[in-house]
Amino acid sequence: VGITMVTGQQWLDFVAMVECPQLEAIEQLRFQIGRWGYRDLIREQIHPWLAERTVDEVVELGQLFRLPIAALGNGSTIRDLEYVQQRGVFVGNPAGFHQPRPPWLMAACAPAPPGRTAAVGADNDESPWQKSDLEGKTAPRTRPLDGVRIVDLTAFWAGPAATHLLAAFGADVVKVESIQRPDGIRYSGGMRTDVDDWWEYGWVFHAMNTNKRSVTLDLNSEKGRRLFTELAAGADVVIENFSPRVMDQFGLTADVLLEVNPKLVVARMPAFGLAGPWRDRVGFAPTMEQIAGLAWVTGLPEAPPVAPRGACDPLAGVHAAFAVLAALNFTERTGTGQLLELPMLEAVLNATAIQAIECEVFGTTLSRRGNRGHCEV
């Protein structure tokens, strides 16, 4: 079972769940960076509680506590996941096996189905790349997304990584936080103790939020929601990566925002999609790495699986940035906005697709091999 505690509240809820109040008394454990140094102690203390329960029992209880806890998946189990089955994540390839669909779902248009792979040597006679004649031409002194306005509600890493890329391309990104709940990544990577406003100095926060403007709004208040809809009315994109229930509770669903601005791209990045059996589950990148099989193949053969610790956050961010560009292109051509759904789990399932394919085609479940690859030479 994979357990990923990020926020201080999640840690306190986890300690209550596993009935280890003695861990709550250690102040350093309230911060993720502090827990790493105590990892052996934590494992020792929680082991008796875990040993008395099945994986399914631990996961079910974790969901009741709204904690990012999940069963580890591998190539032999991925396609049988409840989420995968009910949402139709895997589609048929013309070669006779199944592969994940693209990890972005556009309300106004569908992705092309998988095509046949070209035969070996089919493109041997293709003309070589022709060099363009740029002599005498001057590149415009603008960035490709100049004039595009993005209202950014994302937090932590995956969402801000997407808008970070779009800002680098010239988009005017307005990051929205609340004083009541600042972006949790402000507390990652160490904290200064020599300044009062230490939350403004998080280096990980700044790395993902360069070239953005910033505003604080309380979306629990009528005034805050009114100001937000005014921002959305003048924007090209609104993007968020909350669990789906959050925007529903604010009354700021895609339908509401598209009524305010019919040309808007509403990009939503929930962990497990806007519909389906895991809709209300919470999860971070390590949770996805654990479910989708990445943790299963990382580590030494004789040791437990190892989550790569967040590599899939920027991976999901790159997919989201690409999909937003595609949706903006659609709007430019048609004058129509749309809802764009970007489940993080499906981005990671695409990254680990070879595991499910290997198992289906050859009956082989890939596992940990240290720093050796899976192809025998």
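Keep in mind it's a predicted model, so treat the numbers as computed, not measured.
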- How far does OG of Ser243 sit from CZ of Arg66, to the nearest 0.5 angstrom?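 It is 5.0 Å, given to the nearest 0.5 Å.
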Kindly say whether [Y] contributes a backbone atom to a donor-acceptor pair with the side chain of [X] at under 3.5 angstrom?
{"X": "Thr4", "Y": "Pro286", "result": "no"}
{"X": "Glu24", "Y": "Val15", "result": "no"}
{"X": "Arg225", "Y": "Leu252", "result": "no"}
{"X": "Asp183", "Y": "Phe156", "result": "yes"}

- Matching residue for Leu257 among Val151, Leu339, Val266, Val265 - test: side chain to side chain contact (heavy atoms under 4.5 Å, CB included):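 For Leu257, the side chain to side chain contact (heavy atoms under 4.5 Å, CB included) test succeeds with only one of Val151, Leu339, Val266, Val265, which is Val266.
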Hey, are the side chains of [X] and [Y] touching, using non-hydrogen atoms and a 4.5 Å cut-off?
{"X": "Leu165", "Y": "Val318", "value": "yes"}
{"X": "Phe330", "Y": "Met106", "value": "no"}
{"X": "Met17", "Y": "Trp49", "value": "yes"}
{"X": "Ile42", "Y": "Trp11", "value": "yes"}
{"X": "Thr154", "Y": "Phe242", "value": "no"}
{"X": "Ile26", "Y": "Leu41", "value": "yes"}
{"X": "Arg143", "Y": "Leu145", "value": "no"}
{"X": "Val173", "Y": "Asn211", "value": "no"}

hydrophobic_cluster_shared for [Y] and [X], side chain cutoff 4.5 Å:
{"X": "Val215", "Y": "Leu153", "answer": "yes"}
{"X": "Leu64", "Y": "Val58", "answer": "yes"}
{"X": "Met5", "Y": "Val1", "answer": "yes"}
{"X": "Val6", "Y": "Val282", "answer": "no"}
{"X": "Trp104", "Y": "Val324", "answer": "yes"}

- Query: Could you walk me through whether Leu23 and Ile46 pass the side chain to side chain contact (heavy atoms under 4.5 Å, CB included) check?
  - Reply: CA-CA 10 Å; Leu23 293 176; Ile46 68 176; 4.2 Å; yes
- Task: List the steps, then state whether salt bridge (Lys or Arg N to Asp or Glu O under 4.0 Å) holds for Asp172 with Arg149.
- Result: CA-CA 5 Å; Asp172 176 18; Arg149 167 72 61 82; 2.7 Å; yes
Give the minimum heavy-atom separation between [X] and [Y], together with the two atoms involved.
{"X": "Tyr83", "Y": "Pro343", "result": "OH-CB, 3.5 Å"}
{"X": "Arg368", "Y": "Thr298", "result": "CD-O, 3.2 Å"}
{"X": "Phe205", "Y": "Lys175", "result": "CE1-CE, 3.6 Å"}
{"X": "Gly310", "Y": "Glu289", "result": "N-OE2, 3.1 Å"}
{"X": "Asp218", "Y": "Ser221", "result": "O-OG, 2.7 Å"}
{"X": "Met288", "Y": "Val348", "result": "CB-CG2, 3.6 Å"}

Atom [atom1] of [X] with >12 non-hydrogen neighbours under 6.0 angstrom:
{"X": "Asp80", "atom1": "CG", "value": "yes"}
{"X": "Arg226", "atom1": "CZ", "value": "yes"}
{"X": "Glu222", "atom1": "CD", "value": "no"}
{"X": "His206", "atom1": "NE2", "value": "yes"}
{"X": "Phe169", "atom1": "CZ", "value": "no"}
{"X": "Gln28", "atom1": "CD", "value": "yes"}
{"X": "Asp194", "atom1": "CG", "value": "yes"}

- Message: Please evaluate residues Leu105 and Arg87 with respect to the criterion side chain to side chain contact (heavy atoms under 4.5 Å, CB included), reporting the C-alpha separation (whole Å), side-chain torsions for both, the decisive distance (0.1 Å), and the verdict.
- Response: CA-CA 11 Å; Leu105 304 173; Arg87 284 180 56 93; 3.5 Å; yes
- How would you list all residue pairs meeting side chain to side chain donor-acceptor pair (under 3.5 Å) that involve residues 260-274, not counting sequence neighbours?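 Matches after skipping sequence neighbours: Glu240-Arg268.
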- side chain to side chain contact (heavy atoms under 4.5 Å, CB included) between Phe322 and Leu325: does it pass, once the steps are laid out? CA-CA 5 Å; Phe322 171 84; Leu325 292 177; 5.7 Å; no
- Message: Checking Ile291 against Phe272 for the side chain to side chain contact (heavy atoms under 4.5 Å, CB included) test, could you report, in this order, the C-alpha distance in whole Å, the side-chain angles of both residues, the deciding distance, and whether it holds?
- Response: CA-CA 11 Å; Ile291 294 171; Phe272 302 108; 3.7 Å; yes
- Message: Applying side chain to side chain contact (heavy atoms under 4.5 Å, CB included), can you list everything that pairs with Arg309, at least two apart in sequence or on another chain?
- Response: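 Trp36.
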- Message: Set out, in order, the CA-CA distance, both residues' side-chain angles and the distance that settles side chain to side chain donor-acceptor pair (under 3.5 Å) for Asn350 and Glu346, then state yes or no.
- Response: CA-CA 6 Å; Asn350 271 265; Glu346 296 189 31; over 6 Å; no
